[in-house]
Amino acid sequence: MFTANDFIPSQYSQTLESGHFQWSAPSNIALVKYWGKKDNQIPANPSVSFTLNNCKTITKLAFDKKSISTALDVTNEFSFDLLFEGKPKEDFKPKIQKFFERIEIYLPFLKDYHFTIDTQNTFPHSSGIASSASGMAALAMNLMSLEKALNPTMTEDYFYQKASLLARLGSGSACRSVKGQVVVWGNQANIEGSSDLFGVEFPYTIHENFKNYQDTILLVDKGEKQVSSTVGHELMHNHPFAERRFAQAHENLDQLIAIFENGNLEEFIKIVESEALTLHAMMMTSMPYFILMKPNTLEIINRIWKFRTETQIPVCFTLDAGANVHVLYPNKDKESVLQFIKDELVGYCQNGQYLCDEIGNGATQLE
């Protein structure tokens, strides 16, 4: 069993003065939801997600070793510039500063370099799509490329596990954006290799029904999050239903092991929709309490249910901690479901906007 200490390096065999790397990392959508955490971004319950393909963050990391005189002046400081779509993004710098503070024990070279982090998303800014998962995963991949250059004997398994561990310390769900296509995060007795420290590829058989699974994201509300994820997770600490919810997540993940193998879409839909509604139920029953769905969210859900009953097409929904709806369906039903979305659901989206995505393979190195 891994411990976090296994990822603290002793020394590096190489030196590097300057250079750059570039990685893309995708967003992901949880099927069994992670909600509630312990210290150091450890999840209170396990989760499983589909890694997406099109909604991703592309991050270029340039690095220059500080000169001796500079290093003496700022030895104990992290030094970085942050650009978003080529322009300085000062308001995001505190988050990166905090991230570097959390991961310095695992990457002791961080204060030796000045970094330029240039990042962009393939999905519209402020679309209501969470970019912290893809953003932190992309940054973690770049930092691991630098560490691998300093320690070329590093194994591929170690590289990806540590990248996921680092991403987790930036944003919990980011650890599920390093790999694809189905990723488990959190200790689960019946899933070999599962860990609270990092996400792992689902290790068992996945039925053809789930290959190229589609996710069309309906942008119901593109505004700022009403409740930050950090606040939302903290509300689970004294929640009256927390323990039962954590047990339910384990039960649902156990059931999904068999469902992924046998391809039973009816049972898949029950668990995925129940998980989405449970997430929102936990927020509605916390103190303080929140309703994050909008009237249009409910309209869309009801229309999906009606369409499914009438056509027997196995389309379902899931939700993150917000109003947007992820419409999930098999690739073979793509034409029918997209027509249904255009005919009946687009009117409930803000400015008629939606994004088409599907299962993807995780982070990719570009340079």
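Along the sequence shown, residues are numbered consecutively beginning with 1.
Side chain of Thr119 to backbone of Thr59: no donor-acceptor contact under 3.5 angstrom is found. Between the side chain of Gln350 and the backbone N or O of Lys222, at least one donor-acceptor pair lies under 3.5 Å. Gln11 places no side-chain N or O within donor-acceptor distance of the main-chain N or O of Pro9, the cut-off being under 3.5 Å. In this structure, Arg168 contributes its side chain and Gln41 its backbone to a donor-acceptor pair below 3.5 Å. A side-chain donor-acceptor contact under 3.5 Å links Ser286 to the backbone of Met283. Put simply, the side chain of Asp64 never gets that close to the backbone of His114: no donor and acceptor are under 3.5 Å apart. Put simply, the side chain of Ser24 never gets that close to the backbone of Ile58: no donor and acceptor are under 3.5 Å apart. Side-chain atoms of Asp357 come within 3.5 Å of backbone atoms of Asn53 as a donor-acceptor pair (strictly under, hydrogens ignored). Looking at Glu273, its side chain does come within 3.5 Å of a backbone N or O of Phe317 through a donor-acceptor pair.
The side-chain heavy atoms of Glu275 and Thr318, taken from C-beta on, include no pair separated by under 4.5 Å. Two residues are said to be in side-chain contact when any heavy atoms from C-beta on lie closer than 4.5 Å; Val227 and Leu292 meet this criterion. Under the 4.5 Å side-chain criterion, counting only non-hydrogen atoms from C-beta, Leu83 is in contact with Thr116. Glu261 is not listed as a side-chain neighbour of Tyr204, based on a closest heavy-atom distance of 4.5 Å or more. In this structure the side chain of Met144 never reaches within 4.5 angstrom of the side chain of Tyr160, judged on heavy atoms. At a threshold of 4.5 Å between non-hydrogen side-chain atoms, the residues Lys93 and Gln97 do not count as touching. Between Leu338 and Cys356, some side-chain heavy-atom pair lies under the 4.5 Å cut-off. Phe115 has its side chain within reach of Leu110: a pair of non-hydrogen atoms, C-beta onward, lies under 4.5 Å apart.
Heavy-atom neighbours of Ile291 CD1 from other residues, nucleotides or ligands within 6.0 Å: at or below the threshold of 12. In Lys98, the NZ atom is not crowded: 12 or fewer heavy atoms of neighbouring residues, nucleotides or ligands sit closer than 6.0 Å. With a 6.0 Å radius and a threshold of 12 heavy atoms from other residues, nucleotides or ligands, Asp91 has its CG atom above the threshold.
When hydrophobic clusters are built by joining Ile, Leu, Val, Met, Phe, Trp and Tyr residues whose side-chain heavy atoms come closer than 4.5 Å, directly or via intermediates, Met284 is not grouped with Leu235. Each of Val327 and Ile359 belongs to its own hydrophobic cluster when Ile, Leu, Val, Met, Phe, Trp and Tyr are linked at side-chain heavy-atom distances under 4.5 angstrom. Taking hydrophobic clusters as Ile, Leu, Val, Met, Phe, Trp and Tyr residues chained together by side-chain heavy-atom distances below 4.5 Å, Leu366 does not share a cluster with Met141. Leu277 is not connected to Leu256 by any chain of hydrophobic side-chain contacts under 4.5 Å among Ile, Leu, Val, Met, Phe, Trp and Tyr, and they are in different clusters. Cluster annotation: Trp35 and Val32 are assigned to distinct hydrophobic clusters (Ile/Leu/Val/Met/Phe/Trp/Tyr, side-chain heavy-atom contacts under 4.5 Å, transitive).
Residues Phe50 and Tyr213 bring their aromatic ring centres within 6.0 Å. For Phe260 and Phe210, the ring centers sit closer than 6.0 Å to each other. Note: Phe2 and Phe7 meet the aromatic proximity criterion, with ring centroids under 6.0 Å apart.
Salt-bridge formation is detected for the pair Lys270/Glu267: a Lys NZ or Arg NE/NH1/NH2 atom is positioned less than 4.0 Å from an Asp or Glu carboxylate oxygen. Ion pairing between a basic and an acidic side chain is recognised when a charged N comes within 4.0 Å of a carboxylate O; Lys306 and Glu344 show no such pairing. Note on Glu77 versus Lys66: no salt bridge recorded, every NZ/NE/NH1/NH2 to OD/OE distance being 4.0 Å or above. A salt bridge links Arg244 with Glu251: the closest approach of a Lys/Arg side-chain nitrogen to an acidic carboxylate oxygen falls below 4.0 angstrom.
To the nearest 0.5 Å, atom OG1 of residue Thr3 and atom CG of residue Asp196 are 12.5 Å apart. Atom CD1 of residue Ile257 and atom CD1 of residue Ile206 lie 11.5 Å apart, to the nearest 0.5 angstrom. Between atom SG of residue Cys55 and atom CG of residue Asn28 there is a gap of 11.0 Å, rounded to the nearest 0.5 Å. In this structure, Leu61 CG and Phe80 CZ are separated by 11.5 Å, a value rounded to the nearest 0.5 Å. How far CD of Gln248 is from OG of Ser274: 5.0 Å, rounded to the nearest 0.5 Å. For the atom pair CD of Glu147 and OH of Tyr106, the computed distance is 12.0 Å after rounding to the nearest 0.5 Å.
Of the options Asn296, Ile300, Leu355, Asn324, a side-chain contact (heavy atoms from CB on, under 4.5 Å) to Leu218 is made by Ile300 and by none of the others.
For the 3.5 Å distance criterion, the side chains of Asp254 and Gln188 qualify, holding a donor opposite an acceptor. Defined by atom type and a distance below 3.5 Å, a donor-acceptor pair is missing between the side-chain atoms of Tyr34 and Ser49. Donor-acceptor pairing under 3.5 Å is recorded for the side chains of Asn361 and Gln181. Judged purely by distance below 3.5 Å, without hydrogens or angles, the side chains of Asn151 and Thr153 pair a donor atom with an acceptor atom. Side-chain atoms of Asn121 and Thr57 form a donor-acceptor pair, as typed in the model, at a separation below 3.5 Å.
Between Phe241 and His239, the ring-plane angle classifies as tilted under the 30° and 60° cut-offs.
The minimum heavy-atom distance linking Pro314 with Pro330 is given by the pair O-CD, 3.6 Å. Contact detail for Pro43 and Gly186: the closest heavy-atom pair is CG-CA, 4.2 Å. Cys316 approaches Phe268 most closely through the heavy-atom pair SG-CE2, 4.4 Å. When all heavy atoms of Ser177 and Ala25 are compared, the closest pair comes out as O-CB, 4.2 Å. Nearest heavy atoms, Lys148 versus Met154: NZ-O, 2.9 Å. Residues Thr51 and Pro26 share a closest heavy-atom pair of CG2-CG, 3.4 Å.
Residues in residues 341-367 take part in no ring-ring contact (aromatic ring centres under 6.0 Å, His included) pair, two or more places apart or across chains. Residue pairs meeting the ring-ring contact (aromatic ring centres under 6.0 Å, His included) criterion with at least one partner in residues 285-304, sequence neighbours excluded, do not occur; the list is empty.
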Exercise for review: List the steps and the verdict of side-chain contact (heavy atoms from CB on, under 4.5 Å) for Val182 and Val48.
Suggested key: CA-CA 7 Å; Val182 179; Val48 63; 3.6 Å; yes

Exercise for review: For the pair Phe84 and Phe92, evaluate side-chain contact (heavy atoms from CB on, under 4.5 Å) and give the outcome as yes or no after the intermediate values.
Suggested key: CA-CA 9 Å; Phe84 180 69; Phe92 203 64; over 6 Å; no

Practice item. Decide yes or no on side-chain contact (heavy atoms from CB on, under 4.5 Å) for Asp333 and Val315, but give the supporting numbers first. Key: CA-CA 8 Å; Asp333 296 308; Val315 57; over 6 Å; no

Exercise for review: Using the side-chain contact (heavy atoms from CB on, under 4.5 Å) rule, take Thr278 and Lys33 through it: C-alpha gap first, then chi angles, then the decisive distance, then the call.
Suggested key: CA-CA 9 Å; Thr278 300; Lys33 306 293 184 183; over 6 Å; no

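Annotation: side-chain contact (heavy atoms from CB on, under 4.5 Å) contacts of Leu16 (sequence neighbours excluded): Phe63, Tyr113, Leu146, Ala149, Leu150.
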